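Here is the naming used below: chain letters follow the sequence lines, and residue numbers restart at 1 for every chain. Here the structure is a predicted model, which means the values were calculated and not measured. Hydrogens, waters and symmetry mates are skipped; everything else that's a heavy atom, side chains included, is used.
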Amino acid sequence: MFSYIIKRILMLIPVLIGVSILTFSLIHLIPGDPAKSMLGEKANEAQLEALRAEMGLNDPLYSQYGTYVAKILQGDLGESVQSKESIATEVADRLPATIELALFAMVLAIIVGVLAGVIAAVKQYSWFDNISMTGALFGVSMPIFWLGLMMIWLFSVQLNILPASGRLSNDIQLGLITNFYLIDSILTLNWPAFKDAFLHLLMPGIALGTIPMAIIARMTRSSMLEVMKQDYIRTANAKGLASYLVIFQHALKNAFLPVLTVIGLQFGLLLGGAVLTETIFSWPGIGRYVLNAVLGRDYPVVQSTILIIAAIFVIVNLVTDLLYKFFDPRIKYD
Amino acid sequence: MENNTPILEVKDLHTHFLTKTGAVKAVDGVSFDIKPGETLGIVGESGSGKSITAMSIMQLISPPGKIVQGEILFEGENLNNKTEKEMRKIRGKEISMIFQDPMTSLNPVFTIEKQMVETIRTHEAMNKKQAKQRAVELLDLVGIPDPEARLKNYPHEFSGGMRQRAMIAMALACNPKVLIADEPTTALDVTIQAQILELLAKLQKELGMAIIMITHDLGVVAEVCDRVMVMYAGKPVEFTDVLSLFDHAKHPYTWGLMHSIPKITDQKQKLEAIEGLPPDLRALPKGCSFAARCKHAMDSCFEVDPSFKQYQANHHVRCLLYENEENEKVVPS
């Protein structure tokens, strides 16, 4: 088990090298001159040339890549071309916001999705099954930006019950420890801030969680239907166990493996999907940061943040693989 | 101290599956009773209604299946009238069941301990420690060595025979009055089969429970049963004590089953199979259900559905060959 984890962590290295080469080449394939976008249209050729030389843009690509990798290995993510701030600091500010949003969305998706899937399977062909599975079909097909805008229109503009943007209202004070607002407000016992942060999370969380929720619900339903036919479920019933134990222990634990796979993959995708959600809800997270960097041709920011997201993706997958063992003791890690 | 009051009586049970293409009469008029300490065999091919009879007793028939007629009296009370909640108190405590395939009948993701302890604690007022102690005793009772350590194992860490032993231990956890064994040895290899049958016989002697042994294997019947009901196409076709069955079986279907057992003294190499297939239970043919496969069928067999007639004191048979006494001579040895 331990050697398996070590092996998997070592496998991060080739993945990250691959990702860094890919993002590095892709971003240089995008037309446009970063020097020009930084200095604006009015800059003259001499100014542009000076900036290009300063940023190393005139060097051959492999040399630029070499410099970039060498810096990263020294723990230096570089600094943003736009803000001149250290990327590491900027990411440390924004990453918790994204992770908090993604976790919130995922927890919501898992609770609602698994519950709906289980009930739909147990009451197959009932009205609940039909409605929830039609809902799930809408859920996977609905564009996030449309859902987000509709929610803002309804809950913020018309009903005025939920905040439309940001992580916290201006008039709320919160001492920051971890940069996860819900956790910080609990740690400082600041209940008004907790409520405010929670309300701010609600709409972006729902927008971001809808697609995984729908996929989890459908996967749980089909997996449960399969498991409910198994002999050991008949045994559990014949033993006289209460039906909630048969369904939520005996059946769900067996049915959860494929659902777990989906959760792992979807969690990785959420970090990418956050770009849209964060833009709509002005969420100060890493998704919006990347988007602004792409638009502003901020090469160092794009490269570093994509590398970080890729690393998180790989780690999430590792955690998923390790969790398999908890749900199915027959799984062996070599 | 033989007790002659039946613990379980099934009277004219009809369990049908109401499908879109018609009602499948999986169990169609089954009656029997069983006394404490007795072993009743139910024999028949796949699809003859043996397992559905068992599941009906447990009230575990799920839609589109339905018990449409009949009574299942356990200690005089009709189980058909029990609520789901009342049935859950009977299942696993008063009436237990073990199944054909111990590979798939135990939940693969829980330890044996968890699966045994939850059964015990569902029915008995015990704390975890007491329940675990009981589980250790039970595993010891069914002959699993080092039971305390074995409790920590998952089913996949047990061999097939051990799993069936664990299944039996689980079924006996609350000293049931009736144990339904649905093909308990079919999935096991021959030496293990004998061990499991011996174990069941020994436990029955010690605990005094009634056993309903569902099987398609007449060898198993000969070994453990007191009385036997042979089923075909959802109906009982012959019902007698085990000696009469092997001595002078009456129904041509029972003869067919017996002839399909290989005999060590037999010179013939080829076994006699019963030709043809069981009928479609949605559209049973007119007359006797077995007529189309029966070597002794008469013209009237395709017209008249025979009644389940008492032939001798302890011998019922459903066959037109015995509607008149003079037909008795057709019975082959």
Side-chain angles (χ1 to χ4, degrees), chain A residues 1 114 118-130 220 223-261 320-334, chain B residues 51 54-55 57-64 84-112 114-124 152-157 163 166-167 170-174 176 179-180 182 187:
Chain A
M1 180 88 169
V114 168
V118 167
I119 299 174
V122 173
K123 308 241 175 240
Q124 197 187 4
Y125 304 131
S126 67
W127 61 267
F128 181 90
D129 183 22
N130 291 327
T220 307
S223 186
M224 278 294 282
L225 284 177
E226 195 55 45
V227 167
M228 293 296 281
K229 280 186 241 155
Q230 299 298 315
D231 289 349
Y232 50 80
I233 298 300
R234 183 184 56 184
T235 308
N237 278 316
K239 290 199 296 190
L241 293 188
S243 41
Y244 73 88
L245 285 178
V246 177
I247 293 165
F248 286 99
Q249 276 196 2
H250 282 253
L252 187 56
K253 196 172 175 197
N254 278 282
F256 204 70
L257 223 49
V259 181
L260 184 65
T261 312
T320 314
D321 284 352
L322 294 177
L323 277 176
Y324 282 153
K325 175 91 182 162
F326 171 77
F327 286 97
D328 192 341
R330 287 168 296 182
I331 289 172
K332 290 219 163 38
Y333 303 108
D334 42 8
Chain B
S51 295
M55 295 309 268
I57 295 170
M58 297 295 273
Q59 303 286 319
L60 282 175
I61 300 289
S62 44
E84 178 58 25
K85 202 175 159 195
E86 291 170 321
M87 269 319 293
R88 275 205 291 270
K89 288 188 185 139
I90 294 175
R91 286 182 207 131
K93 177 165 172 63
E94 309 284 355
I95 308 177
S96 278
M97 214 170 158
I98 54 178
F99 299 98
Q100 174 171 354
D101 194 345
M103 304 288 170
T104 57
S105 297
L106 290 165
N107 197 323
V109 304
F110 294 119
T111 58
I112 300 293
K114 147 97 184 152
Q115 299 189 52
M116 292 193 71
V117 165
E118 72 178 355
T119 315
I120 298 167
R121 294 195 67 203
T122 298
H123 299 295
E124 313 278 352
K152 300 273 172 251
N153 286 156
Y154 287 94
H156 71 273
E157 293 163 312
R163 280 183 224 190
M167 262 314 278
M170 212 177 290
L172 299 181
C174 307
L179 176 71
I180 302 176
D182 189 354

Short side-chain to backbone donor-acceptor contact, Lys325(A) and Ile331(A), under 3.5 Å: yes
I'd like to know which of Leu241(A), Ile233(A), Asn237(A) tops the heavy-atom pair count under 4.5 Å against chain B. Leu241(A)
Inspect the contact between Glu94(B) and Lys89(B) and indicate whether a charged nitrogen and a carboxylate oxygen are less than 4.0 angstrom apart. no
Side chain, backbone, both or neither of Leu60(B) within contact of chain A (heavy atoms, under 4.5 Å): side chain
Going from OG1 on Thr119(B) to CG on Leu172(B), what distance comes out if it is rounded to the nearest 0.5 angstrom? 11.5 Å
Arg91(B) backbone acceptor or donor facing His123(B) side chain under 3.5 Å: yes
Flag side-chain contact, heavy atom, 4.5 Å: Phe110(B) against Glu118(B): no
When you measure from the side chain of Glu157(B) to the backbone of Tyr154(B), do you find a donor-acceptor pair of N or O atoms at a distance under 3.5 Å? yes
Check: Met228(A) and Ile247(A) side chains under 4.5 Å, non-hydrogen atoms: yes
Identify which of Ile95(B), Asn107(B), Thr104(B), Ile90(B) forms the greatest number of heavy-atom pairs closer than 4.5 Å to chain A. Asn107(B)
Please look at Met167(B) and chain A and tell me whether the side chain, the backbone, both or neither of the residue comes under 4.5 angstrom of a heavy atom of that chain. side chain
Is it the backbone or the side chain of Met103(B) that comes under 4.5 Å from a heavy atom of chain A, or both, or neither? neither
Between CG on residue Asn254(A) and CG on residue Asp328(A), distance to nearest 0.5 Å: 7.0 Å
Contact list (residues 118-125 of chain A to chain B, heavy-atom gap under 4.5 Å, by number) returns none
Side chain proximity check, Leu260(A) to Phe327(A), heavy atoms < 4.5 angstrom: yes
Quick one: what part of Lys114(B) sits under 4.5 Å from any heavy atom of chain A, side chain, backbone, both or neither? side chain
If you tally heavy-atom pairs under 4.5 Å between each of Gln115(B), Met97(B), Met87(B), Lys93(B) and chain A, the highest tally belongs to Gln115(B)
Which residue out of Gly92(B), Ser96(B), Pro176(B), Ser105(B) racks up the most heavy-atom pairs below 4.5 Å with chain A? Ser105(B)
What part of Thr122(B) gets closer than 4.5 Å to chain A, counting heavy atoms only: side chain, backbone, both or neither? side chain
Contacts of Gln59(B) meeting side chain to side chain donor-acceptor pair (under 3.5 Å) (sequence neighbours excluded), chain-then-number -> Asn80(B)
